[in-house]
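Notes to accompany the following structure.
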Amino acid sequence: MLNGERKISRPLRWAMVGGGRTGQVGYKHRTGALRDNTAFELVAGAFDIDFERGRDFGVNIGVLKDRLYPDYETMFAEEARREDGIEVVSIATPNATHFEICKAALEAGLHVICEKPLFFTTEEAQFVKELAEEKEKIVGVTYGFSGHQLLLQMRAMIEQGKIGDVRVVDLQYTHGFNAADEGDKSNSAQKWRVDPKVAGPSFVLGDLSTHTYYMSQLILPHMKVKKLLCDRQSFVGSRAPLEDNAHVIMHYDNGAVGTMWTSSINAGCMDAQRIRIVGSKASLEWWDSKPNELRYEIQGEPAQTLVRAMPYLDENCQADERLGALHAEGLSESWANIYLKFAMAVDAKERGDEETLRHLVYPDIDAGLEGVRWVENCVRSADNGAVWVDFE
Ligand code: NAD
């Protein structure tokens, strides 16, 4: 169980690019990184495209004025001159900027934590992976709910044969907030999401399904998608060529099959990220709206609900527990868990501790690269008329 005690020798000096006053996701990064004040300290920022607003915001949340910068280039250059300069930077800006900021950060000798979808192309992701290797730096990707410990429970139970052979992987990440085109022109965060120049080659496939796809890989580390078929459409026509709805069918290398439904036009749905793994003997199901519970359904027996924090859970699941039984946990704790693992990864990398890095389960550069590959393959299938394509 986690109680905030240090996992690394001292907090890492951390900065953010984006994620300021008007940013949707910035606060989630800070709740994650600063939850254990033994992991990160926020010492600098280029929080906003508007410098004055970003500086005002930074001062408001307690960052020293002289470490608030007009842009990331100035921040990386100025901080490199300081003995106590930043060591890690998080990137919480719109998708089109991720590649250039990630590259600049690695070239400045920083570890990087970047938002999803990581980049537009696998070439970019491969380039950054090689650059990170050359610079001996960590690149983490913020698939926010992937730090939830019940996903590790699913991984452990499947590994232990508790559901038999995996046959069906049923994935869903949908909501209904874009059922109409309200906000497409007026809400700045929605506006860029339907503009291919800023969002990239997809809307919901990148924005939503990359999370769930990574979570399925975390649960099923030995299964790889062999081929897939994707059908995507824009029910709100002005979003074309980007999709607000997509269905994907997958074939895995072990003979299992899968589906992903991702959508932001699932009218009336507040948020449904659902993962159901069907085996030859039993099924497991986790749903982010009820994150504290895991359904375990053995064929022919009454269904069981496994509850977070209970002693019958696997040790790897218990290790990421924060609040104990009786109290609900959710997204904030999940973000704190992935940020703690980013800190442990950075610390291990700095110490040359490859053994720790091998065993740490967190969304790393390969997870980011896989997310980009996933989107690329889905788009290639859909844009060729919803045909089967080999997963390249
Ligand atoms: P947003 O439009 O709400 O906010 C973007 C912020 O970045 C703004 O504050 C803007 O001023 C700032 N910004 C833009 N360019 C900048 C630059 N060059 N330098 C400094 N600041 C800059 O967007 P958002 O919804 O917060 O999304 C940001 C990223 O986070 C996207 O990649 C998105 O896909 C991702 N996201 C992830 C999650 C998650 O759960 N992991 C949730 C929401 C968004």
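In each ligand, atom 1 is the first atom listed, and ligand 1 is the first ligand listed. Quick note: residue numbers are just sequence positions, from 1. These numbers were taken from a predicted model, which means no experiment stands behind them.
Under a cut-off of 6.0 angstrom, the local environment of OH in Tyr27 is sparse, with at most 12 non-hydrogen atoms contributed by other residues, nucleotides or ligands. Taking a 6.0 Å sphere around NZ of Lys227, one finds it holds 12 or fewer heavy atoms contributed by other residues, nucleotides or ligands.
Taking only nitrogen or oxygen atoms, main chain and side chain alike, Gly26 does not reach within less than 3.5 Å of ligand 1. On a distance-only criterion, Asn95 and ligand 1 share at least one N/O pair closer than 3.5 Å. Looking at Trp335 next to ligand 1, no N or O pair under 3.5 Å apart turns up. Distances between N or O atoms of Lys28 and those of ligand 1 include no value under 3.5 Å. Checked by distance only, ligand 1 and His98 come closer than 3.5 Å through their nitrogen or oxygen atoms. The N/O atoms of Ile101, backbone and side chain alike, include none that comes under 3.5 Å of an N/O atom in ligand 1. Of the N or O atoms in Tyr143, none lie within a sub-3.5 Å distance of an N or O in ligand 1. The N/O atoms of Arg193, backbone and side chain alike, include one that comes under 3.5 Å of an N/O atom in ligand 1.
Residue contacts with ligand 1: Asp48 is included, with a non-hydrogen atom under 4.0 Å away. For the ligand labelled ligand 1, residue Thr142 lies inside the 4.0 Å heavy-atom shell. Heavy-atom distances between Ala92 and ligand 1 reach below 4.0 Å in at least one pair.
Taking every heavy atom of His211 and a limit of under 4.0 angstrom, the matching atoms of ligand 1 come to 39 (C), 40 (O), 41 (N). Interface atoms of ligand 1 facing Ala46, defined by a heavy-atom separation under 4.0 Å, are 20 (C), 21 (N). Taking every heavy atom of Asp207 and a limit of under 4.0 angstrom, the matching atoms of ligand 1 come to 34 (O).
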### Task
Could you go through the side-chain hydrogen bond (donor to acceptor under 3.5 Å, both in side chains) check for Asp244 and Ser234 one step at a time?
CA-CA 5 Å; Asp244 49 25; Ser234 331; 5.4 Å; no

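Evaluated for a side-chain hydrogen bond (donor to acceptor under 3.5 Å, both in side chains) with Glu333, the options Arg322, Arg35, His148 yield exactly one hit, Arg35.
Ranking protein heavy atoms by distance to atom 4 (O) of ligand 1, first place goes to Gly23 CA, 3.3 Å. The protein heavy atom nearest to atom 14 (C) of ligand 1 is Pro94 CD, 3.5 Å. Of the protein's non-hydrogen atoms, Ile49 CD1, 3.8 Å is the one closest to atom 17 (C) of ligand 1. For atom 34 (O) of ligand 1, the nearest non-hydrogen atom of the protein is Lys116 O, 2.9 Å. When only non-hydrogen protein atoms are considered, atom 8 (C) of ligand 1 lies nearest to Thr22 OG1, 3.8 Å. The protein heavy atom nearest to atom 19 (N) of ligand 1 is Val17 CG1, 3.8 Å. In terms of protein heavy atoms, atom 2 (O) of ligand 1 is closest to Trp192 NE1, 2.9 Å. Counting only heavy atoms of the protein, atom 37 (C) of ligand 1 lies nearest to Glu115 OE1, 2.9 Å.
The structure places CG of Asp71 at 8.5 Å from CD1 of Ile49, a figure rounded to the nearest 0.5 Å.
Ionic pairing of Arg276 and Glu297 is present here: one or more N-O contacts between side-chain nitrogen and carboxylate oxygen are shorter than 4.0 angstrom.
Looking at Glu285 and Tyr296, their side chains never bring a donor and an acceptor atom within 3.5 Å of each other. Donor-acceptor pairing under 3.5 Å is lacking for the side chains of Thr210 and Trp374. Side chain to side chain, Gln190 and Glu182 fail the donor-acceptor criterion of an N or O pair below 3.5 Å.
A cation-pi geometry, defined here as NZ or CZ lying under 6.0 Å from the six-membered ring centre and within 45° of its normal, does not hold between Arg53 and Phe51.
For Thr97, no heavy-atom contact with ligand 1 is shorter than 4.0 Å. Using a 4.0 Å cut-off between heavy atoms, Ala189 contacts ligand 1 through both its backbone and its side chain.
Annotation: Trp335 is not in aromatic contact with Tyr143 [ring centroid separation under 6.0 Å not met]. Between Phe40 and Tyr339, the ring centre distance stays below 6.0 Å.
Looking at every heavy atom in both residues, Ile275 comes nearest to Met215 through CD1-CB, 3.8 Å. The heavy-atom pair separating Ser381 from Cys230 by the smallest distance is OG-N, 2.7 Å. Of all heavy-atom pairs spanning Arg67 and Val43, the tightest one is CB-O, 3.4 Å.
In the candidate list Asn187, Thr93, Val25, Val198, Val25 is nearest to atom 26 (O) of ligand 1, counting heavy atoms.
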